[in-house]
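Below: one structure, written as structure tokens.
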Amino acid sequence: MKTTQPSTYESPWRSEEVRTFRNTVREFIQRELVPQQTRWREQHHADLEAFAKAGAIGMLLPDIGNQYGGGGGNFAHEAVVIEELARAGVHFGASVQCIVAHYIMAYGGEEQRRRWLPLMARGELVGAIAMTEPGAGTDLQGIKTTAVREGDHYVINGSKTFITNGVHAGLVCLAVKTDPKAAGPRAMSLICVETRDLPGYRVGKPLEKIGRHGQDTCEIFFEAVRVPASNVLGGVEGKGFFQMMDQLTYERLSVAIAAVASAEEAVAITTKYVKDRKVSGQTLMDFQNTRMVLARCKTEAQIGRVFLDNCIERFIQASLDPVTAAMAKYWLTEREFSIVDDCVQLHGGYGYMSEYPIARMWADSRVQRIFAGSNEVMKELIAWSL
Ligand SMILES: Cc1cc2nc3c(=O)[nH]c(=O)nc-3n(C[C@H](O)[C@H](O)[C@H](O)COP(=O)(O)OP(=O)(O)OC[C@H]3O[C@@H](n4cnc5c(N)ncnc54)[C@H](O)[C@@H]3O)c2cc1C
């Protein structure tokens with residue numbers, strides 16, 4: 001068979017400077033994070049020091065301005081961080097850190113930005129975003145955690161579940177009901193909770209998940225927790241739901257980026273595996289089925305890459321709409337799981353062994369279709385635009 005190499009595709013947003021940043025991030029992940037993964041998986045969370053180390057190389061808030069301690073780059077830099085972590089199979093809360101920082105940038109006051117963002121950029125303050133409750137995930141308006149105004153404080157009662165970075169979080173961007181009697185979304189606010197030595201605040205043990213074992217996901221509890229009234233994002237009550245809807249575009253695009261990077265990596269490692277692995281005197285690549293499956297996976301990953309790049313460019317130009325972001329989150333995470341699943345099949349029994357990256361990738365990628373708004377919700381959003 002004639003061998004042909006396709007022309008190399010380069011994402012248009014990857015400038016020379018972004019490439020240099022990628023090399024720094026990749027080298028750091030390989031040197032500092034990859035060797036810790038077995039231990040992180042056993043303890044069910046990342047080391048707190050890893051945040052400070054990641055902060056020191058500018059990996060935590062790369063798309064936040066220098067005046068707030070960030071890297072002064074744009075979303076291309078954050079995309080690089082997400083891609084490199086996904087390729088390395090390292091699930092580390094850098095993306096959540098950035099998501100929280102963008103809530104503060106968008107709705108925080110100048111004093112709050114200057115107080116929290118530099119600490120977050122240096123990894124001395126870990127952020128978490130806490131919306132989900134045991135009785136309210138998709139149905140965000142059904143949350144029961146309340147924040148009741150008492151003088152110049154709010155008193156918070158309730159609990160949240162499935163909170164990424166919960167173990168180390170020193171700053172929780174918390175969805176609460178400030179006025180349970182207000183109409184629908186206007187009942188909700190976002191309030192920033194500084195958790196250090198905070199009476200009434202408690203963190204549960206990391207939850208047992210089927211994948212992403214090295215990243216903590218836990219419950220957090222609030223019992224008569226007092227927080228200054230000025231910590232309400234946006235300064236006034238009732239804006240929380242709209243703020244979350246606005247910021248979810250950033251989060252959904254971040255999930256889509258990880259999806260494409262992991263699909264591409266799955267194709268790359270499986271291509272290598274099937275060329276090496278011998279069965280019945282020939283390599284797996286010699287079977288037509290293997291070539292057909294991998295050809296389809298590679299094509300789908302490439303189509304996904306081009307769509308994703310278009311979304312990234314539009315996001316950098318501030319013109320990505322929420323419906324297109326929902327399409328990217330839904331479609332790219334579906335493709336990711338289907339590609340990774342096909343790649344597991346091509347590995348045979350080894351694809352089911354956790355010591356093989358493809359097996360971990362399979363378990364790790366499953367949640368992508370569930371969080372940041374489930375894919376069913378993404379399809380509803382898309383359908384509303386029809
Ligand atoms: C590993 C992990 C990390 C997470 N990190 C965070 C975090 O950091 N912060 C945070 O706040 N949350 C986090 N979550 C929570 C996540 O966002 C929710 O699990 C998700 O929003 C779904 O909510 P739920 O689990 O309550 O499912 P449910 O809302 O009970 O949904 C169950 C099923 O019903 C479907 N469904 C629900 N409503 C509709 C509808 N109207 N139409 C059609 N189908 C519907 C859903 O799509 C889903 O398939 C995390 C979850 C996981 C697993």
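These numbers were taken from a predicted model, which means no experiment stands behind them. Only this structure's heavy atoms are used, side chains among them; waters, hydrogens and symmetry mates stay out. For this chain, numbers begin at 1 and follow the sequence in order. Every number for a ligand or one of its atoms is a count from 1 in the order of the listing.
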Query raised in the report: Does Met131, backbone or side chain, put an N or O under 3.5 Å from an N or O of ligand 1?
Result: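 So ligand 1 has an N or O lying under 3.5 Å from an N or O of Met131.
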Report task. Decide whether an N or O pair under 3.5 Å exists between Thr164 and ligand 1. Result ->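 So ligand 1 has an N or O lying under 3.5 Å from an N or O of Thr164.
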Query raised in the report: With a 6.0 Å cut-off on ring centres, are Tyr201 and Phe221 close enough?
Result: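 Not close enough - the centres of the two rings lie 6.0 Å or further apart.
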Query raised in the report: Between Phe315 and Tyr250, is the gap from one ring center to the other below 6.0 Å?
Result: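 Ring centroids of Phe315 and Tyr250 are less than 6.0 Å from each other.
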Report task. Just say parallel, tilted or perpendicular for the rings of Tyr356 and His347, cut-offs at 30° and 60°. Result ->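 Rings of Tyr356 and His347: perpendicular, as their planes differ by over 60°.
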Protein heavy atom at shortest distance from [atom]:
{"atom": "atom 10 (C) of ligand 1", "answer": "Thr132 OG1, 3.3 Å"}
{"atom": "atom 51 (C) of ligand 1", "answer": "Phe162 CB, 3.6 Å"}
{"atom": "atom 20 (C) of ligand 1", "answer": "Ile370 O, 3.7 Å"}
{"atom": "atom 46 (C) of ligand 1", "answer": "Ser374 OG, 3.5 Å"}
{"atom": "atom 52 (C) of ligand 1", "answer": "Val367 CG2, 3.8 Å"}
{"atom": "atom 44 (N) of ligand 1", "answer": "Glu376 CB, 3.6 Å"}
{"atom": "atom 31 (O) of ligand 1", "answer": "Thr138 OG1, 3.5 Å"}
{"atom": "atom 21 (O) of ligand 1", "answer": "Gly137 C, 4.0 Å"}

**Report entry** Worked verdict on Phe371 versus Phe162 for ring pair (Phe, Tyr, Trp, His ring centres under 6.0 Å)
**Finding:** CA-CA 10 Å; Phe371 62 18; Phe162 302 152; over 10 Å; no
Query raised in the report: Restricting to pairs with a member in residues 357-375, which pass salt bridge (charged side-chain N to carboxylate O under 4.0 Å, His left out), not counting sequence neighbours?
Result: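 The answer is Glu334-Arg369.
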Requested in this report: Please list all pairs passing the salt bridge (charged side-chain N to carboxylate O under 4.0 Å, His left out) test where one or both residues lie in residues 310-332, with sequence neighbours left out.
Outcome: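 Every pair satisfying salt bridge (charged side-chain N to carboxylate O under 4.0 Å, His left out) with a residue in residues 310-332: Arg314-Asp321.
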Report task. Work out whether the distance between some heavy atom of Ile129 and some atom of ligand 1 is less than 4.0 Å. Result ->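 Flag set, Ile129 near ligand 1.
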Query raised in the report: Are a donor atom and an acceptor atom from the side chains of Asp309 and Tyr9 found within less than 3.5 Å of each other?
Result: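 Yes, a side-chain donor-acceptor pair sits under 3.5 Å.
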